[in-house]
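Chain naming here is simple, since letters A, B, ... match the order of the sequence lines and numbering starts at 1 in each.
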Amino acid sequence: EAGVVQSPRYKIIEKKQPVAFWCNPISGHNTLYWYLQNLGQGPELLIRYENEEAVDDSQLPKDRFSAERLKGVDSTLKIQPAELGDSAVYLCASSLEGSTDTQYFGPGTRLTVL
Amino acid sequence: AQSVTQLDSQVPVFEEAPVELRCNYSSSVSVYLFWYVQYPNQGLQLLLKYLSGSTLVKGINGFEAEFNKSQTSFHLRKPSVHISDTAEYFCALPRIFGKGTTLSVSS
């Protein structure tokens with residue numbers, strides 16, 4: 001069974017440029033998460049989807065970040081415009097559903113903003 | 001509010017020694033606790049989880065953790081570590097992660 005797929009694995013951009021990250025969850029997983037992980041820190045939740053619905057986006061900086069999960073399968077996270085402080089690893093995870101379920105993580109996208 | 005505190009940022013140990021990685025939590029709702037491991041250049045993967053029932057939880061690679069409700073702790077233990085256990089370990093409530101503990105095993 002394929003795991004969570006993320007692309008690109010690495011991205012380097014200039015500040016003020018837009019950037020997008022893509023995630024394909026494990027087949028059949030209804031819940032999808034986007035996390036941000038700074039160096040030396042744990043993952044911090046940005047947004048959680050249940051199927052197509054964003055059920056928790058309280059930590060998503062909506063002035064520059066947006067996300068979508070069309071058709072309840074894969075998802076895109078966008079930053080526009082990027083700032084220096086956005087340099088981090090962006091993780092996608094999926095689970096069958098619910099708080100008790102194991103989250104399966106992708107390898108992440110390492111973003112560097114110059 | 002929910003929170004997770006990992007009490008040690010770095011734990012250096014010698015191979016075959018026992019190890020304990022400490023985790024305290026705060027939660028006003030039902031407690032589900034997880035330990036994830038992140039090997040260098042890899043994604044996080046589940047070591048073990050506590051949902052209910054027995055407070056001693058066994059996971060992969062010989063790790064175990066004990067849920068202690070009175071002390072609000074969920075410490076991770078292994079009786080004898082290997083070089084390959086060198087990694088970052090994260091304690092978590094659902095969707096809330098600690099800052100991580102770096103376990104460094106040397107020979």
Please tabulate, one pair per line, the N or O donor-acceptor pairs under 3.5 Å between chain A and chain B.
from	atom 1	to	atom 2	distance (Å)
A:Gln37	NE2	B:Gln38	OE1	3.4
A:Ser99	OG	B:Arg95	NH1	3.4
A:Thr100	O	B:Lys49	NZ	3.2
A:Thr102	OG1	B:Lys49	NZ	3.1
A:Gln103	N	B:Tyr36	OH	3.1

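Options B:Phe90, B:Phe97, B:Phe34 differ in how many heavy-atom pairs under 4.5 Å they form with chain A, and the most are formed by B:Phe97.
Here B:Val29 sits alone; no ILVMFWY side chain lies under 4.5 Å from its own, so it joins no hydrophobic cluster.
Heavy-atom distances place both the backbone and the side chain of B:Leu44 under 4.5 Å from chain A.
Placement of A:Leu111 and A:Phe65 within a single hydrophobic cluster is found when ILVMFWY residues are connected by side-chain heavy-atom separations under 4.5 Å, directly or transitively. Residues A:Leu39 and A:Leu45 fall into different hydrophobic clusters, defined by Ile, Leu, Val, Met, Phe, Trp and Tyr side chains chained together at heavy-atom separations under 4.5 Å. A continuous path of ILVMFWY side-chain contacts below 4.5 Å connects B:Val19 to B:Leu76, so both sit in one hydrophobic cluster. One hydrophobic cluster holds both B:Ile83 and B:Leu103 under the rule that ILVMFWY side chains link at heavy-atom gaps under 4.5 Å.
Residue pairs that meet the salt bridge (Lys or Arg N to Asp or Glu O under 4.0 Å) test with at least one member in residues 27-42 of chain A, sequence neighbours left out, do not exist here.
For the salt bridge (charged side-chain N to carboxylate O under 4.0 Å, His left out) test, no residue two or more places apart in sequence or in another chain qualifies with A:Glu52.
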